[in-house]
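Right, one structure below, let's go through it.
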Amino acid sequence: MRDFFAGVRYFARGLGWVARRPGQWLFGLIPALVVLVLYAVALTFLGIYLSDLVKAASPFADHWSSGLRDTVRVLMGVLIFAAAVMLSIVTFTGLTLVVGEPFYESISGRVEESAGGLPPEAGVSLWRQVLRGIGDAIVVGLITGLFAVVFFALGFLPVVGQTVVPVVAALVSGYFLTLELTSIALERRGLRRREKFALLRRERALSVGFGASVFVVFLIPLGAVLAMPGAVAGGTLLVRERFARQDVSARQDASSVDFG
């Protein structure tokens, strides 16, 4: 549990870093706002047509009694929308990082400089970083999409589906959020996807603590936009102070992890 709460503190430190530098915070809001508008439109359309979608997905309930049919369809609607929100939160980060690569690269670099200086150049071009970022976002989106389907199905379990499953979903989503929020600093050190996954595996409690705290804040209306610069700053501090010493081990472990 100590590492879990250490991860939470890294997020708090990232928020503190941008709070002391409002110019950097405003700078980091720009790409987050752009992506927020896209997601807001998508979720609005989902909300408008959610009833039709649920009816189309549950023809088996057409001949049930009205009370049972309405209850099942309301539950399905809630779970579908909740799964969409969970998927949006996780993919929001990846898409925002891709769209705002120059913005968050600059913020991450300033965090490193304020903490003692940039690491040696890894010789990776900006375009190569962008392409890898897109690839990582697609992989994480697919994985979290599969988890969203699983959590959607588990949501139908009485009691457990409304208590335990949301907590597990937050922890799992947080784990992958950490992968995305540390990607810029890890790319700066020349690590690739398999090596990143190896690092998260070695520091699982720390990664979950950091990402889960970000996930909870992102659930707050506009939280994902307002906290995004601080999340990137916290992810950079996390890499610099905890993940960087695991680089060699991660490169050795990556051979046993095939995520590309």
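All values reported here derive from a predicted model rather than from experimental measurement.
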Worksheet entry | NZ/NE/NH1/NH2 to OD/OE distance under 4.0 Å, Arg189 and Glu195 | no
Worksheet item: Relative to the ring of Phe27, is the ring of Phe103 parallel (under 30°), tilted (30 to 60°) or perpendicular (over 60°)?
Response: tilted
Item to complete: Please answer: with hydrophobic residues joined when any side-chain heavy atoms are less than 4.5 Å apart, are Leu154 and Val74 in the same cluster?
Response: no
Item to complete: Starting from the C-alpha separation in whole Å, work towards a yes-or-no answer on side-chain hydrogen bond (donor to acceptor under 3.5 Å, both in side chains) for Thr91 and Tyr39.
Response: CA-CA 10 Å; Thr91 58; Tyr39 275 83; 2.9 Å; yes
Exercise answer: donor-acceptor pairs, residues 77-84 side-chain atoms, under 3.5 Å, sequence neighbours excluded:
none

Worksheet entry | Test log, rule side-chain contact (heavy atoms from CB on, under 4.5 Å), inputs Leu15 and Phe11 | CA-CA 6 Å; Leu15 293 175; Phe11 179 41; 3.8 Å; yes
Item to complete: Assess whether side-chain contact (heavy atoms from CB on, under 4.5 Å) is satisfied between Phe92 and Leu36, documenting all intermediate values.
Response: CA-CA 8 Å; Phe92 173 89; Leu36 174 67; 4.3 Å; yes
Discussion item. Please determine whether residues Val98 and Val37 belong to a single hydrophobic cluster, defined as Ile, Leu, Val, Met, Phe, Trp and Tyr linked transitively by side-chain heavy-atom distances below 4.5 Å.
Written reply: no
Worksheet entry | Nearest heavy atoms of Arg201 and Tyr175, plus distance in Å | N-OH, 3.5 Å
Worksheet item: What is the ring orientation for Phe176 with Phe147, classed by angle as parallel under 30°, tilted 30 to 60°, or perpendicular over 60°?
Response: tilted
Worksheet item: Between CG of Leu95 and CD1 of Ile138, what distance do you get to the nearest 0.5 Å?
Response: 10.5 Å
Worksheet item: Is there a chain of hydrophobic side chains (I, L, V, M, F, W, Y, each step under 4.5 Å between heavy atoms) that links Val34 to Ile184?
Response: no
Worksheet item: With the 4.5 Å side-chain cut-off for hydrophobic clustering, are Leu68 and Phe60 part of the same group?
Response: yes
Item to complete: Mark yes or no for whether Thr44, through its side chain, and Ala40, through its backbone, hold a donor-acceptor pair below 3.5 Å.
Response: yes
Worksheet entry | Nearest non-hydrogen partners of Phe197 and Ile143, listed with the distance | CZ-CD1, 4.3 Å
Item to complete: Mark yes when over 12 heavy atoms from residues, nucleotides or ligands other than Phe45 sit less than 6.0 Å from its CZ; otherwise mark no.
Response: no
Discussion item. So for atom CZ, which belongs to Arg110, do other residues, nucleotides or ligands contribute more than 12 heavy atoms lying within a distance under 6.0 Å?
Written reply: no
Output a table of donor-acceptor pairs, distance under 3.5 Å, between side-chain atoms of residues 47-59 and any protein atom two or more places apart or on a different chain; print 'none' if there are none.
{"unit_1": "Ser58", "atom_1": "OG", "unit_2": "Val54", "atom_2": "O", "d": "2.7"}
{"unit_1": "Ser58", "atom_1": "OG", "unit_2": "Arg73", "atom_2": "NE", "d": "2.9"}

Worksheet item: Between Val167 and Val216, is there a shared hydrophobic cluster once you connect ILVMFWY residues whose side-chain heavy atoms come closer than 4.5 Å?
Response: no
Practice prompt. Answer yes or no: is there a donor N or O on one side and an acceptor on the other, between the side chain of Ser114 and the main chain of Val111, under 3.5 Å?
Written response: yes
Item to complete: Find the distance between OG (Ser183) and CG (Leu97) and round it off to the nearest 0.5 Å.
Response: 5.0 Å
Response to the item:
Taking every heavy atom of Glu180 against every heavy atom of Gly94, the minimum-distance pair comes out as OE2-CA, 3.3 Å
Worksheet item: When rounded to the nearest 0.5 angstrom, what distance separates OG1 in Thr93 from CZ in Phe218?
Response: 4.5 Å
Worksheet item: Which distance, rounded to the nearest 0.5 Å, do you find between the CZ of Arg193 and the CD of Glu187?
Response: 9.5 Å
Worksheet item: Taking atom types as modelled, is there a side-chain donor on Thr96 or Tyr104 under 3.5 Å from an acceptor on the other?
Response: no
Worksheet item: Which value, rounded to the nearest 0.5 Å, describes the distance between Ser213 atom OG and Leu177 atom CG?
Response: 9.5 Å
Under 3.5 Å, which donor-acceptor pairs link side chains of residues 219-239 to any protein atom two or more places apart or in another chain?
{"unit_1": "Thr236", "atom_1": "OG1", "unit_2": "Ser108", "atom_2": "OG", "d": "2.8"}
{"unit_1": "Thr236", "atom_1": "OG1", "unit_2": "Val232", "atom_2": "O", "d": "2.9"}

Discussion item. Distance check, rounded to the nearest 0.5 Å: Thr178 atom OG1 versus Glu203 atom CD?
Written reply: 11.5 Å
